S.K.: 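To start, I am sharing the structure in question, which I have written as structure tokens.
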Amino acid sequence: MGEQILKEELFEKVTSLAERRGFFWQSARTLYSDAPAGYWVYGPLGTLLKRKITDIWRKEIVFKEGALEIETPLTLPIKVFKASGHLEHFFDKLTECRKCHTRFRVDKLIEEQCGVKENLEGMSDEDLMRILIEKGVRCPRCRASNWTEIKHFNLMFTLQVGADAIEPNAALRPETTQGSVVEFRKTYMVSRGKLPFILAQVGRVFRNEISPRRALIRMREFQQLEIHIFFDPDNTSDYDRKLKPLLNYKLRFLRKEDRETGKISEITAREALESGYTVNSLITYWLVIYQKFFNEVIGIPAERLRYRELIEGEKAHYALVHWDLEVYTEDLGWVELVNNAYRTDHDLSGHQKVSGVDLSVDVGGRKLMPHLYEPSIGLDRVVYHVLALSYREDVKRVWLALPRHLAPIEVAVFPLLSKDELIFRAKQIRDLLKSEGFHVFYDEKGSIGRRYRRMDEVGTPACVTVDYQTLSDGTVTLRDRDTMNQVRLRLEELPRALRRFLSGASLEELVE
RNA sequence: GCGGCCGUAGUCUAGCCUGGAUAGGAUGGGAGCCUGCCACGCUCCAGACCCGGGUUCAAAUCCCGGCGGCCGCACCA
């Protein structure tokens, strides 16, 4: 199987196949070689795959969990990010130690070593630099006192909205959350909400990353599938009930104390909840739901998944507790797929303070500021890992063993030979399957073997071949991508058989 | 953003050190022939030196800058 080679070069093989076959590639490069990094195009197959993942998330999570999906603008007033705390954390002034090349935030250095707190934010670079020199601020790492000039890092894209705007007054959102938080009050009202109140958003977000790398893994513009659960921290009884049948489910955690050994603890939902580790039944439930979703629906083996507990300094500024759901591949190691943050009332309270609008809700005559728990999927990373974990090769062929329900092309139809009578019949069968709602691909070029290989490479689970026997008795062969085995089926039963096959039945089961 | 390595068709690669005439090959792609089930074979076609500047009679090749890629550091709110 060439396992050794596979592990080392998986990333390159997957991105190369993705470009060759039209899953994804780097934006604008064909025409402009100096186009900035971090922007990626989804080709026809990639778009289909991404849509399938999104749709299955809608079906399995949004719909089943009673979330209301909304769409909010990509552009938001800068005030929103002041209230959320992003502004403070997004515009850093950094300096670098000339001796050990480590970087530090200027305000932190001065705060820590000079005890100064006020007015640092409004201070000019010259003044800050003067303080660094006059107070002899030392590098916390190597004790040197030789700083480079101050550099600005702006991690949000700002905009001047309005033809006469000079100063930035808006920004592209770095997460969809703020849209949900800002519209919480209105949405809650129009949908006659009660707690827990769940919103969902699918959409693009923008981060001015310092060094975008590794294709879909770190981009400047990417997509999130987010769930925003507003709840009463003192009453999660709905979730006590929902969690009950799942109490024995084993969650996989990398606890902060096991950071160095990398030991993963399998802890049942019951233990996690009762020990207080996962705070409450609501958070515990959602941790279970997402691990199950990625394991059972997206098809990632459980041993490749873990929740990594983030420690102080790693956690976002808004989070009280925070786990990253991560996926493992041999060449990229553990990569974050879902950011699970318990944001408490950080966001709503922040907006209430800045806007002056009361954002509390009435619960049985009691005024309450809802808390927010947010599992946020990085969709592009999911797309990459679905492809990477499906990648197979042996001496004969390369194929994607995609979960059948995620495959962009569901079935291919081929005439065995490019002869008019076979082509005519094959096209009829293609149209029949299209009218039955299948995503069908038709091909008559090249040998039959070559056509099977082409479909293998894009993960098409089923190939239907029309031969001379089809013309005489109305049967076709159905080939399984993974085993390369075939069964012969009557045309009348083909749509039903195909449907069963795509939802997981084996070829043997189809002919029973 | 810093340091190291690197940049030739969709992909992989020869040529670069030591400057020289239509930049070679493989694979993939298109058109056709052949072909009774797993990348057969044959014919034809299209496809590249990351961008800009410099040195030179002459630059894929040497020099400078930019952009990009990988790895490490930092960053990842």
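Here is the naming used below: chain letters follow the sequence lines, and residue numbers restart at 1 for every chain. Remember, it's a predicted structure, so these values are computed and weren't measured experimentally.
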S.K.: Using a distance-only criterion (donor-acceptor N/O pair, under 3.5 Å, no hydrogens), is the base of B:C38 paired with the side chain of A:Arg451?
M.R.: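 A donor-acceptor contact between them is absent.
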
S.K.: Where do N or O atoms of nucleotides 43-51 of chain B meet protein N or O atoms at under 3.5 Å, pair by pair?
M.R.:
unit_1, atom_1, unit_2, atom_2, d
B:C50, O2', A:Ser33, OG, 2.6
B:C51, O4', A:Ser33, OG, 3.4

S.K.: Let me have a per-nucleotide readout for nucleotides 27-33 of chain B, 5' to 3', with B, S or -, counting only protein heavy atoms under 4.0 Å.
M.R.: -SS-SS-

S.K.: Can you list, in residue-number order, the parts of residues 409-427 of chain A that come under 4.0 Å of RNA chain B, counting heavy atoms only?
M.R.: A:Leu416, A:Leu417, A:Ser418

S.K.: Looking for any heavy atom pair under 4.0 Å, which part of the strands does A:His317 touch: base, sugar-phosphate only, or nothing?
M.R.: sugar-phosphate

S.K.: Is A:Thr477 side chain donor-acceptor paired with the B:C37 base, going by distance under 3.5 Å alone?
M.R.: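 Such a pair is found, so the answer is yes.
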
S.K.: Expected output check: what is the dot-bracket annotation of RNA chain B, where ( ) and [ ] are pairs inside the strand (brackets for crossing ones), | is paired with another strand, and pairs are Watson-Crick or G-U under 3.5 Å?
M.R.: (((((((..((((......[...)))).(((((.......)))))....(((((..]....))))))))))))....

S.K.: Can you say whether a donor on the side chain of A:Tyr452 sits under 3.5 Å from an acceptor on the base of B:C37, or the other way round?
M.R.: yes

S.K.: Show every ring-ring contact (aromatic ring centres under 6.0 Å, His included) that has at least one partner inside residues 445-488 of chain A, sequence neighbours left out.
M.R.: A:Phe414-A:Tyr452

S.K.: So which nucleotide from B:C37, B:C75, B:C70 ends up closest to the side chain of A:Arg488?
M.R.: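 From the listed options, B:C37 comes nearest.
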
S.K.: How far does CD of A:Glu374 sit from CG of A:Asn339, to the nearest 0.5 angstrom?
M.R.: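 Interatomic distance, A:Glu374 CD to A:Asn339 CG, rounded to 0.5 Å: 6.0 Å.
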
S.K.: Does A:Asp467 get its side chain close enough to the base of B:C37, under 3.5 Å, for a donor-acceptor pair?
M.R.: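 Such a pair exists between side chain and base.
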
S.K.: Name all pairs fulfilling the salt bridge (Lys or Arg N to Asp or Glu O under 4.0 Å) condition that reach into residues 167-180 of chain A, sequence neighbours left out, sorted by first residue then second.
M.R.: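 Applying salt bridge (Lys or Arg N to Asp or Glu O under 4.0 Å) to every pair that reaches into residues 167-180 of chain A, excluding sequence neighbours, yields A:Glu175-A:Arg343.
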
